[in-house]
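Below: one structure, written as structure tokens.
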Amino acid sequence: MHRRRSVIVRKTGAGEPIETVQIENGALALTEVLARAGECPEVVLEATYGWYWAADVLAEAGATVHLAHPLGNNWGNRRVKNDERDAADLVDLLRLGRLAEAYIAPPALRERRELVRHRAKLVAVRSGLKAQVHAVLAKEGVAVTVSDLFGLGGRGLLAEIPLADAYRRRVDSLLGLIDAFDTEVAGFANLIAATLAGDAGYHAVRAVPGVGPVLAAIFVAEIGDVTRFAGAAQLCSWAGLTPRHRESDTHVRRGHITKQGSRLVRWAAVEAVGRQRGATPIATVHHRVGDRRGRSIGRVAAARKVLTLVYYGLRDGHIRCLDPTG
């Protein structure tokens, strides 16, 4: 798939080529080609830019859709690489049972993800705007004497600081943008909370120490159906919080964490570690491993503990190890 056009390759179960066509992207053109494949065809789709609409059209037309994982399939080192060869390789991987598949989230879950991810983007942009304000003050040699420059006291300080005209105009512009982003972030936070109000997993995950409404929404929206994982270890691996493993004969090497997975889930798990208050099970892991192997490794180990608790919260609707004992 590309933004405007796509190449479709059809083969028999034995690998005999049937048809290769290029279409202009659209539901009508895609369903016309699919109709020639008979009832309930097996279709493999590349996980590329804007694949949502194509997966939905194919599923509605009766196809069994498989989403090729962008990192899980070995494309080899072909001398010739083009769209037709790539599509043919996907077909062969599918029919031979060697296709590494990605999870196709249902439309309702994709909408939740859209809300959560957009809020995260807004927060990231707002953080950049705040950093620019600090940079302007640094150029003018202004020492920031408040803990929160954008709170009530900080806004008063910003209003009183004597700045050159160009710097004052830039600071005022940035503050106006920050206020607008504050409104948007708050609006999307309320929308997300209303959307997840009836979700049992959302409320269960909030019982994890350090996990509030924002982090709980990230876990619920990004993980989706947790039963697709065999256990908590598989969820941690999917999130990229497990070390790389390289083994050949008697040589085994385990490196840093893979970081291959949902960046947002990984961030949320690590963020929850930093929000621990008191001697929680997560803080205990953090300090025990951190004292022995360093703070960073301890933080990652504690983040895996967070995801383990999240797994059981989403699977069971509550977390038994956190229940009060009699």
Side-chain angles (χ1 to χ4, degrees), residues 1 3 25-28 30-31 34 40-70 100-124 184-208 211-232 234-235 238-240 261-269 272 306-307 309-319:
M1 284 187 62
R3 185 174 299 184
N25 283 344
L28 182 60
L30 186 56
T31 52
L34 187 67
C40 302
E42 299 278 338
V43 181
V44 55
L45 177 69
E46 195 174 17
T48 185
Y49 182 89
W51 62 266
Y52 285 7
W53 71 270
D56 291 340
V57 168
L58 291 168
E60 289 174 4
T64 301
V65 185
H66 305 268
L67 188 65
H69 195 291
E101 295 189 41
Y103 174 58
I104 301 179
L109 180 59
R110 297 204 297 263
E111 289 189 23
R112 288 183 177 182
R113 287 180 174 179
E114 203 70 16
L115 296 176
V116 169
R117 291 173 182 178
H118 184 61
R119 184 198 172 277
K121 289 287 186 182
L122 291 174
V123 172
E184 290 296 316
V185 169
F188 271 88
N190 293 334
L191 181 59
I192 292 167
T195 303
L196 296 175
D199 191 290
Y202 173 70
H203 296 288
V205 166
R206 291 182 61 179
V208 177
V211 175
V214 172
L215 300 186
I218 290 174
F219 289 132
V220 171
E222 291 295 321
I223 295 172
D225 182 12
V226 77
T227 58
R228 61 196 176 98
F229 299 102
Q234 285 72 23
L235 175 60
W238 170 84
S262 174
R263 182 180 300 177
L264 205 51
V265 169
R266 200 161 52 248
W267 170 84
V306 170
L307 267 191
L309 296 176
V310 167
Y311 172 82
Y312 291 112
L314 293 178
R315 190 193 69 175
D316 303 332
H318 71 284
I319 305 171

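With Q234 contributing its side chain and G231 its backbone, the two residues share a donor-acceptor pair below 3.5 Å. One N or O on the side chain of H203 and one on the backbone of A197 form a donor-acceptor pair closer than 3.5 Å. When atom types are taken as modelled, the side chain of R119 and the backbone of A189 share no donor-acceptor pair closer than 3.5 angstrom.
Closest of all the heavy-atom pairs between F219 and L314 is O-CD1, 4.4 Å. Between A272 and V211, the shortest heavy-atom distance links the atoms CB-CG2, 4.0 Å. Between R113 and E222, the closest heavy-atom pair is NH2-O, 2.8 Å. Residues G201 and V220 come closest through the heavy atom pair C-CG2, 4.1 Å. In this structure, A204 and G313 approach most closely via the heavy-atom pair CB-O, 3.5 Å. Contact between A47 and A68 at its shortest, heavy atoms only, is CB-O, 3.3 Å.
Atom CZ of F188 and atom CD of E114 lie 9.0 Å apart (nearest 0.5 Å). Distance check: I223 CD1 to Y311 OH gives 11.0 Å after rounding to the nearest 0.5 Å. In this structure, CG in L109 is found 5.5 Å from OH in Y103, a value given to the nearest 0.5 Å. For the atom pair CD1 of I104 and OH of Y52, the computed distance is 11.0 Å after rounding to the nearest 0.5 Å. Atom OH in Y312 sits 12.0 Å away from atom CG in L307 (nearest 0.5 Å).
Take E101 and apply the side chain to side chain donor-acceptor pair (under 3.5 Å) test, not counting sequence neighbours, and it matches H66.
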Residues L235, V265; criterion side-chain contact (heavy atoms from CB on, under 4.5 Å); working and verdict: CA-CA 10 Å; L235 175 60; V265 169; 5.9 Å; no

Could you walk me through whether W53 and M1 pass the side-chain contact (heavy atoms from CB on, under 4.5 Å) test, one step at a time? CA-CA 11 Å; W53 71 270; M1 284 187 62; 3.6 Å; yes

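Atom CZ of R263 has 12 or fewer neighbouring heavy atoms from other residues, nucleotides or ligands inside a 6.0 Å radius. In E42, the CD atom is crowded: over 12 heavy atoms of neighbouring residues, nucleotides or ligands sit closer than 6.0 Å.
For residues 190-202, every residue pair satisfying the side-chain hydrogen bond (donor to acceptor under 3.5 Å, both in side chains) rule, not counting sequence neighbours, is listed here: R112-D199.
A 4.5 Å side-chain heavy-atom check between R110 and D56 finds at least one atom pair inside the cut-off.
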